[in-house]
Structures are given as structure tokens and as C-alpha cells.
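All of these numbers come straight from a predicted model, not from anything done at the bench. Within every chain, numbering begins at 1; the chains are lettered A, B, ... in the order of the sequence lines, protein sequences first and strands thereafter.
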Amino acid sequence: MPRYDAKRIEAHWQQYWETNQTFRTKDTVPTGDAAKKPKLYVLDMFPYPSGSGLHVGHPEGYTATDIVCRYARMKGKNVLHPMGWDAFGLPAEEHAVKTGTHPRETTEQNIATFKRQLKMLGFSYDWTRELATTDPDYYRWTQWIFLQIFDTWYDADFVWIGPDGVERKGKGRPISELPMPGDILSGTALAAGESIENVIRRYQDKHRLAYVSDAPVNWCPALGTVLANEEIIDGKSERGGHPVVRMPLKQWMLRITAYADRLASELDELDWSDSIKFMQRNWIGRSTGAEVDFRIAESQASGGRQPSGTTAVFDIWKALRQSTGFPRDPESDVIRVYTTRPDTLFGVTYMVLSPEHPLVQKITTDAQRSAVDEYIRKSSLKSDLDRTDLAKEKTGVFTGGYAINPVNGERVPVWIADYVLISYGTGAIMAVPAHDERDYEFAKAFGIPITQVVAPAPGSGHIADLENSVFTETGVAVNSGKYDGLTTADFKSQISNHLSQAGLGKEAVNYRLRDWLFSRQRYWGEPFPIWHELDADGHPTGLMRADTVESLPVLHPHMDDFKPTGTPEPMLAKATPEWLFKTDTDGVKLKRETNSMPQWAGSCWYYLRFCDNKNSASFIDPAKEKYWLPVDLYIGGAEHAVLHLLYSRFWHKVLFDRGHVSRPEPFQKLVNQGMILGEPDHTAFEDIETGIVLDPKLVTRLEIEGIVNYWHEGKKVAKATRSDSDYRRQGDVAEFWNSEGWDQTVPKGEFIKSCPAKWVESAATKMSKSRGNVINPDDVVNDYGADSLRLYEMFMGPLEQVKPWQMNGVEGVYRFLGRVWRLMIDDRAESVILSAAVVDTAPPVDQLRILHKTIKAVTDDIDRLAFNTAISRMMEFTNFMSGQETRIKSVLEQFILLLSPFAPHISEELWLALGHSGTLAYEPWPSYDPQLLVEDTVEVPVQINGKVRAKIIVPANSDAASLEAAARVDEAVQKNLDGKTVVKVVAVPGRLLNFVVK
RNA sequence: GGCCAGGUGGCGAAAUAGGCAGACGCACGGGACUUAAAAUCCCGGGCCCCUAAAGGGGCGUACGGGUUCGAUUCCCGUCCUGGCUACCA
């Protein structure tokens with residue numbers, strides 16, 4: 001009983017916090033004096049409640065935020081710290097396919113497990129704000145936000161002043177404000193049998209931020225759904241690693257590309273790590289360059305070469321081009337390319353169309369047609385994986401066609417090759433083998449000429465050796481007619497101007513980011529609040545109607561059979577006709593959209609709902625949004641650095657443009673915790689003869705008379721180790737225990753002579769079920785308690801760093817808590833009573849001093865999120881106090897307050913034992929007296945030529961002269977200075993003294 | 001291949017406006033308590049050399065250079081590890 005009993009203490013205080021609603025945040029926006037309290041919104045990335053329960057990686061970030069929140073409450077802040085569940089997703093549905101259990105049931109069970117585990121760790125969440133993305137009350141508003149996006153178009157030219165006073169361009173605006181082109185207004189766009197209203201609706205549908213597209217998508221048969229580009233890695237599904245095929249399907253897309261510029265540029269104002277910002281910018285992949293038109297040569301038969309050189313080229317072209325000017329139909333007689341290096345136009349020696357390019361058929365000559373068709377067929381069969389595998393070998397086929405280089409009139413051959421992607425830029429490139437790596441490889445492979453047009457800038461140290469390597473640096477133009485001698489930068493801006501004046505090209509911006517494929521074919525996702533109109537025969541007309549806000553949420557239909565359809569037909573298409581069809585008030589027949597939303601949808605806006613999770617009239621009360629947003633601190637894994645954070649920022653910006661939220665960015669400060677790796681396994685053996693690493697699971701351990709022998713498939717492979725009692729290492733040699741004692745030292749990497757296997761030390765790796773190295777938080781809490789788990793995860797190392805688990809480390813912090821306990825509790829008494837060493841008198845200066853040092857250090861460290869060093873400072877305090885005969889109660893009290901954010905349960909218990917009642921959660925955070933941090937005397941190292949030769953104790957405020965004087969009388973210093981000439985003395989008062997001698 | 005982050009004892013790590021390298025913890029060794037063990041408490045420790053010991057000397061923050069009175073910290077080059085990204089024109 002009087003010993004530190006984590007289990008009893010933790011159960012008691014968790015009960016106390018729950019009964020007293022200790023961490024409930026007031027549901028109203030504070031007014032009057034309360035409004036003067038600063039607010040702090042601290043958010044964890046909410047977990048997907050998987051069937052396997054909490055992983056030790058989860059509490060890492062959650063403990064960090066919990067420390068910040070508990071600290072902030074004591075600092076007098078109004079804290080919002082919620083938790084919820086990202087609960088839609090495939091696993092529950094896959095489970096339903098296997099067992100017939102409804103996904104909702106599985107989800108609810110998993111949530112219950114997660115919730116129990118989180119409560120067991122004593123996090124100070126306001127559980128009244130709990131939400132799950134699968135709650136109809138929640139996804140009602142997910143559907144509502146979708147309708148907002150559906151109702152919005154992007155006006156790229158709209159100029160407006162942001163809330164920060166900065167002028168911005170481009171804004172999402174209501175679809176009703178979309179300007180109509182002249183032919184619609186004049187009625188000339190009217191097709192036979194179609195009303196003008198429908199023509200307008202079709203035009204609007206094309207411009208919505210949520211639109212239906214027929215483009216090729218990634219269909220994953222194994223998962224029974226299409227996947228976003230972002231969900232595919234090396235041509236396989238991110239989830240499960242299943243193959244993916246590309247096929248054209250009608251799918252919902254969100255026009256995230258419209259926001260690409262703002263998503264990139266508005267990162268600047270955020271307090272995120274550079275690497276995350278970099279990854280987001282990289283993903284958006286903005287590049288600037290030019291689009292240039294190459295006219296297709298009139299006839300392949302005409303051998304008449306256009307005059308070479310730059311003479312009047314632009315004039316010739318002006319005459320040739322049609323009067324429509326540059327922005328014209330790219331499928332006519334020009335090949336439009338995108339390039340970031342318009343300065344290399346004179347170096348174009350061929351062009352490449354992607355195999356899917358619409359001009360391929362038109363340009364291909366009869367002689368080449370069969371070869372071209374064969375190449376197209378082959379590349380369409382290639383999965384993305386094959387394309388990556390063959391990345392080194394360039395392939396392609398000549399079409400037989402030629403195009404005219406607009407700057408010099410040269411005829412250049414047009415090829416097709418799958419290294420040019422239809423989905424980026426214009427799907428066609430001008431190839432400059434001299435100055436582009438890929439073009440260089442291709443030209444070398446097919447014997448295409450290489451023309452140098454950029455020379456290294458004088459003095460740059462670069463050389464251009466085009467026989468053997470490509471030159472991609474910037475430099476000075478050569479072989480470029482009148483542009484010769486211009487630097488790359490000057491050339492770029494001049495040529496862009498000239499091209500655009502001549503109507504041959506224009507400056508252009510391209511993004512790597514593609515529009516977001518937003519539909520899935522699964523059951524367990526939000527249904528779309530959209531209906532498709534049907535004509536009298538029951539065929540879709542292509543026109544859509546949105547559900548009214550009042551009719552939300554669109555609930556899932558009841559289904560007993562969760563087997564995928566095996567085709568791209570969505571699961572919801574198997575619903576009953578009652579769910580699928582209705583006749584609208586105007587008599588039009590409607591069919592429901594049967595796709596569902598991807599898992600990302602719910603997580604795009606949950607941080608908003610936490611502020612106001614019971615609101616049935618609106619997704620969030622604007623006053624609450626204004627008060628709580630932005631999230632002040634957002635902590636989660638780096639795996640969400642790109643997708644989740646990009647998607648939710650996009651949604652937030654749409655909501656902002658439409659006036660539903662007051663700021664353009666949701667997450668002010670973002671921190672990514674580093675992954676916790678599995679404990680390195682010391683039992684691994686490599687067969688000396690074959691070099692094969694043996695599966696530790698197949699190695700049997702047999703202990704005879706203190707010697708551990710290992711057997712693998714009937715063969716003795718090694719003896720010794722796992723436990724440290726029979727293995728030890730000193731420097732580069734290992735020693736093994738055998739019957740004679742410690743064996744002779746053996747060089748590292750070898751093993752005991754008689755053993756046909758050598759020792760292999762395995763590195764720490766990701767925790768995974770297959771490796772069997774998953775640590776279950778339940779076990780840790782059971783053995784050591786929640787406070788120890790929390791403390792250990794914070795003590796392991798810097799929050800953002802990847803670090804391996806070591807169960808011994810938990811033991812260490814557990815011992816620390818035991819020491820703290822015994823510092824003040826009499827552990828031989830029957831009940832929890834203060835130890836006799838604790839006295840309530842005025843503290844001696846040394847106890848006071850270390851207390852105030854600790855207060856400062858811990859406070860600063862929490863502010864920096866440097867929890868590992870904060871804990872080590874508290875350990876130092878404890879070590880010091882353990883050695884004190886009497887410990888002053890007031891000192892211990894202040895210390896307990898410092899400890900409480902880290903180890904709240906034991907702290908509450910000790911606070912109570914120290915004579916307080918109730919919780920310490922809102923006690924004022926200790927402050928320190930700077931006077932007490934100043935020592936009277938300091939020890940200063942004395943260096944001779946940079947080497948420490950002595951240490952002197954001097955008054956803390958000694959100046960340079962008195963430092964030197966004190967050092968010169970020191971015996972060791974004198975000895976070292978003897979017979980030498982002091983050339984120079986460097987004195988840093990309070991820190992160091994250095995004699996430079998000869 | 002490109003970009004980013006990092007390389008410090010047996011291990012996790014600490015210390016950078018350039019100033020005593022290795023705090024704190026683990027593991028290890030020695031001791032105390034105990035019939036014994038566990039628990040707890042105390043002491044030790046980067047490596048190498050000299051010394052019986054006290055003590056002293058040398059080398060040390062991946063490697064090679066540089067700047068400086070002084071470099072784990074700044075600069076240049078090399079090697080290695082982790083992460084992201086991979087034909088984005």
C-alpha cells in the first residue's frame with residue numbers, strides 16, 4: 001500500500017477527473033473577464049480505430065499535446081483539447097465481407113477499445129466533444145460541405161484583400177455568379193431539343209469545384225475501388241499493395257488544382273517545419289516556363305527544307321498562323337509543348353508526343369503506322385509499375401511526321417515515347433538532347449543529333465562535353481541566332497516576350513498536382529448528396545441535382561451483403577430501389593449517386609466540429625470558429641505531411657472563400673512526431689557457410705548448465721546470448737559465456753569457433769505484426785503504469801526524431817517515479833502519509849536554488865517541446881533531494897506541479913498527500929526568481945593553448961583582469977606557463993580563460 | 001538519380017549567437033543492507049598509455065582539409081545512414 005502503486009493511483013484519479021469533469025471546456029465563447037484569458041487549441045491527429053487497438057506510436061504525440069495542455073491550463077489559458085475517430089475506412093468493410101458483421105458494429109467496438117486505452121493513459125481530453133466521422137450527425141455536415149464545394153467555381157482573376165491585408169488573386173465564388181459565355185447568352189449554343197436552362201446547367205457543371213470526369217482512373221480490383229494518384233505507390237495500392245489498372249470511368253473530382261498557387265504560397269505564414277513545407281511545395285510542384293506551338297509540317301513528302309537560321313522567322317510564322325491567335329485549339333495543326341527552358345528552343349532536334357496524345361494518329365505516316373500502333377498497344381498494356389521498372393531504358397517510335405520549329409523554321413522529326421506523360425503539361429515535348437537528361441538518353445539511344453545551344457558561363461567552372469554527358473546547367477546562349485551571348489535568364493524572358501508577340505507561345509505555369517479523385521466504390525464511406533436526372537426511358541441525362549440541406553444526412557442503405565461487385569460498379573448500386581430512386585416534385589425521375597466519399601473527407605474538417613460538436617443548425621457556430629481557430633498546435637505523424645494536410649487546407653480555403661470560416665489556414669503550428677521503432681532483436685544468426693540470415697523463429701533455444709545453445713533445423717548453429725548475462729561486448733570484441741567462464745575475446749562479427757554461425761545484430765525496424773515486435777500499451781501500463789509509459793515516451797529522445805523502443809527504459813522512468821514517491825511518502829507506513837523527512841519550514845538556500853533552476857529549465861523546455869531534457873532536469877532535482885536529510889514541503893509542492901503535466905496521476909496523489917484537496921490541474925504554474933539562479937562563485941576552466949590545464953573558483957562577477965590575476969596564482973597554471981611566453985590572453989568572464997603561449 | 005534530415009561512449013541521448021564534450025537514463029562493474037534473493041541505497045566509468053597508488057600524459061563528436069586563441073557547433077570536399085521523391089519536360 002504505501003509503496004508506489006501506480007495501478008491504484010491511476011484508477012482513482014481517472015475516476016476523479018471523469019466524475020468532476022475536470023477537463024471539460026466551457027461550451028460558450030467566453031465573455032467579460034473570461035475573454036481576457038488567452039485561448040489555446042491543441043489538436044492531435046485523430047486515429048483510425050483499427051481492430052488491433054492502440055499502438056505505442058499513438059501515445060507519443062498524444063502525451064506531448066497533453067503535457068502542453070495541462071501546462072497551459074496551469075498558466076491560465078482556456079484550453080481546447082478534443083479527441084475523436086476517423087472511423088470510415090476499408091478494414092471494417094473487409095471484415096464485413098468476411099464475417100457479415102455490419103461495418104458500423106465493428107467500428108463501434110474498435111472505438112470502444114481505443115477509448116478505453118486512451119482513458120487508461122490519463123489524457124486530459126474534453127470527452128464531451130468526442131466525435132466520429134461515421135456519426136450521421138457528423139457526416140451530415142461532411143455532405144453539407146461537399147455541397148458547398150459543389151456550389152462553388154473558381155474565379156482565377158478575382159482580386160481581393162485577404163484578412164491579413166494582403167492582396168490576393170483567385171477565389172472560390174458561388175456557381176450562380178459564374179459568367180456565361182456569349183454563345184450561351186445569345187442562344188447559339190442551344191442544341192436541338194435542349195432547353196437553355198439545361199445548357200446553362202451543363203456549363204455550370206463543368207466549372208464547379210466538384211465535378212464529374214470521365215478521365216482514366218486507377219481501378220484496384222482487389223480493393224474494389226478506384227484510388228487517387230496519391231494512394232498509389234510504385235503502381236500498387238498504398239493499402240495492401242494490390243495491383244492497379246488504369247481505365248476510364250466516370251468519377252467525382254475536386255478541383256484542388258485551382259487552389260495550387262494559394263496552397264503553396266500561403267504556407268509561408270505557417271509555423272511548420274521547413275521539411276513539411278518543402279514536401280507540400282514539392283507535391284504541388286509549381287513550375288514556370290512557356291507553352292510553344294510547333295506547326296505540323298504540311299507534307300511528309302515535301303523534302304523542301306524551310307530556310308534555316310533566324311532571318312525573319314517570326315514574320316514567316318505570323319503569315320502562316322491562323323488569325324485566331326495563340327490560344328487556339330491545340331488539336332488542330334499544331335503541337336503545343338510546355339517547357340521550362342524556352343531558351344533552348346534552338347537546340348530542338350526532335351519532338352515527342354505521349355502515346356495517348358490525340359495528334360498521334362493524324363501525324364503518323366502510313367509507312368510508320370503499324371510500328372506506331374504496336375508501340376501504343378504495348379505501352380497501354382504496361383502497368384505503371386512496368387514503366388517505372390524500365391525507367392532506365394528509353395523506348396519510342398518515329399511517327400514519320402515532322403513539325404516546324406517556330407524560332408528557326410527547321411523541320412524536326414516527331415516521335416512517340418512513353419517517357420512523355422499525357423497527364424502533365426500538354427502531353428507533348430520539344431526535345432533538347434543537349435540540355436535535358438531524358439532527351440539526351442533518348443537521342444543517344446536512337447542516334448538523333450544533339451545540338452548545343454547553351455555554353456557554360458565563363459568562370460562557372462562547368463564544362464560541356466556533349467559527347468559523353470548532358471549539360472543541364474544554365475549558362476550563355478550559343479547557336480541561337482540573334483540571341484547568342486544572352487544569359488539563360490535573359491534569354492528566357494526575351495524569347496517568351498517575342499513568342500507571345502508573334503502569337504506562337506506564352507508564359508505558362510504548370511503543376512505536378514492533379515485534381516483530386518474524390519469518389520470510391522465502397523459501402524463504408526459518406527454517400528454523396530447528389531441525384532442524377534433520368535429521362536423518360538430511365539437513362540441518365542447527365543444533369544445532376546443536389547440534395548437539399550434539410551434532407552441531410554443521406555444515410556447508408558441497409559445491406560446484408562458486403563461483397564464487392566467485382567466490377568467498377570459501386571457497392572451502393574446494390575441498394576434497394578427505395579434508396580436508389582425517387583421522383584422529384586417537378587416529376588423528374590432521379591437516381592442517387594452510388595459512389596461514396598474517400599476516407600479523407602471526414603478528416604478534412606473535424607478540427608472545426610470539435611469547437612461545436614452538438615450544433616444541429618450549422619456545422620460550426622461562426623462565433624466559436626472565430627474564437628477557437630486556428631488550431632494553435634497540431635501534432636501527428638509525418639505520414640500525413642502531404643495528403644491529409646493538403647486536402648484539409650484546400651477544404652478550409654473553399655469554406656473561407658465562401659465566408660463560412662474567418663481565416664484562410666486551419667493549422668498555425670504543426671509538429672510531426674518521429675516514429676517509434678521496434679526494439680532491436682539481438683537473437684539473429686547468420687550461417688557462416690551460406691551467409692543466410694536464419695529466421696529467429698526457427699532457432700530453438702536450449703539452455704544446459706548456463707550455456708545457451710541455439711539449434712536451427714537440427715543443426716547447432718550458435719551458443720550464447722540474448723540475455724546479457726551470457727554476452728557482453730567491449731569495443732570491437734565480443735565475449736561469450738561458456739562453461740569455463742567468459743570466453744576469450746572474439747572479434748566482432750565472428751562467433752565462437754565451434755559454431756557454424758556468426759552473430760548478427762539486427763537494426764531497429766518498424767513495428768509490425770509480421771516481425772512480431774509490436775509493443776502493446778496495455779502490457780506496459782499493466783506492468784509499470786500509465787505515468788511511466790507517458791514519461792518514457794517523452795524521455796526517449798526529441799519528439800520529432802525516430803527512435804527505437806527499449807523496455808529497460810520504461811523500467812528506468814518507473815524507478816524515477818518510485819524515487820519521487822519515496823522523496824515524500826513513508827513507504828513503510830500502512831497508509832499514504834508523508835515521510836518524516838518532509839518538514840514545513842523555510843527552505844535552505846540550496847533547496848531553493850535547485851528548485852528555481854528546475855522551474856526555469858522545465859518551463860523553457862516545455863515551451864520548446866523538449867520534453868526529454870525537461871524530464872532529465874526533474875531527475876536531477878530528485879537526485880539532489882534524495883540526499884537531503886530534511887526536505888522542505890513548499891519546495892516539494894512546487895516540484896510536484898512541475899511534474900504534473902508529465903505524470904499527472906502520481907502528481908495528483910502526492911499533491912493530496914502534501915495536504916491539498918481536489919485536483920492540481922488548475923493550480924498556478926510555478927514561477928522562478930531570477931535572483932536565485934545566480935551563483936555567488938563559478939568554476940572557470942583555464943586553458944593553455946586551448947587545452948584545459950586548471951580550474952579556478954572565482955566570484956561570479958569577476959571581470960577579465962581579475963580572472964587572469966586569479967589564474968596566474970594557480971599552481972597548475974604556473975607550472976604550465978613556466979618558461980613560456982604568453983602571447984595573448986583570451987578571457988570570457990564567467991566562462992573561460994585561455995593563455996596563448998609560445 | 002534529385003531533394004531534405006542526420007552521423008557524438010556498449011545503448012537512448014545532452015551540450016551549438018564557437019568557450020570544460022558525454023548532463024539525464026539504460027546496460028555494465030564494485031560495495032552496503034539481507035541467511036539468500038528481490039527491492040533499495042552508495043561508488044565507478046569515452047578510449048589508450050605511464051604509475052603499486054596518488055597522480056600524470058596522449059587521442060577523441062563519421063573521414064580529410066580550412067577559418068579561429070579556441071570547432072560537436074562555421075566553411076569546403078569525401079563516405080555512410082534514414083526519410084521523401086522518383087522520366088513532371
Value in whole Å for how far the C1' atom of B/rA86 lies from CD of A/E437: 12 Å
Residues forming a side-chain hydrogen bond (donor to acceptor under 3.5 Å, both in side chains) with A/T859, sequence neighbours excluded: A/W925
Watson-Crick or G-U wobble partner of B/rG6, both distances under 3.5 Å: B/rC80
Sugar-phosphate, base or nothing in reach of A/G425, heavy atoms under 4.0 Å: nothing
A/Y419 six-ring face occupied by A/K394 cation (under 6.0 Å, within 45°): yes
Sugar-phosphate, base or nothing in reach of A/N879, heavy atoms under 4.0 Å: sugar-phosphate
Whole-angstrom distance between B/rU61 and B/rA21, as gauged at atom C1': 7 Å
Below 3.5 Å between N/O atoms, which protein atoms pair up with nucleotides 16-23 of chain B? Just atom names and distances, please.
residue: B/rC20; atom: O2; partner: A/K951; partner atom: NZ; Å: 2.5

Pairwise P distance for B/rA62 and B/rG7, with rounding to whole Å: 7 Å
Ring geometry between A/Y4 and A/W821 (parallel below 30°, tilted from 30 to 60°, perpendicular above 60°): tilted
Sugar-phosphate, base or nothing in reach of A/S287, heavy atoms under 4.0 Å: sugar-phosphate
Base-pairing mate for B/rG46 - Watson-Crick or G-U, with both contacts under 3.5 Å: B/rC59
Aromatic plane relationship, A/W805 with A/Y792 - under 30° parallel, 30 to 60° tilted, over 60° perpendicular: perpendicular
Sugar-phosphate only, base, or nothing, as touched by A/R286 at under 4.0 Å among non-hydrogen atoms: nothing
Atom-to-atom span, CE of A/M794 to P of B/rG12 - whole angstrom: 18 Å
Side-chain heavy atoms of A/V820 within contact of A/F895, under 4.5 Å: yes
B/rA71 pairs with, by Watson-Crick or G-U criteria that keep both distances under 3.5 Å: none
Sugar-phosphate, base or nothing in reach of A/R822, heavy atoms under 4.0 Å: sugar-phosphate
d(CD, A/Q806; P, B/rG25) in whole Å: 15 Å
Polar pairs (N or O, both sides) under 3.5 Å between protein and nucleotides 3-6 of chain B?
none

Integer angstrom distance from the P of B/rA13 to that of B/rG65: 29 Å
Under-4.0 Å side-chain N/O to phosphate OP1/OP2 contact, A/R815 with B/rA27: yes
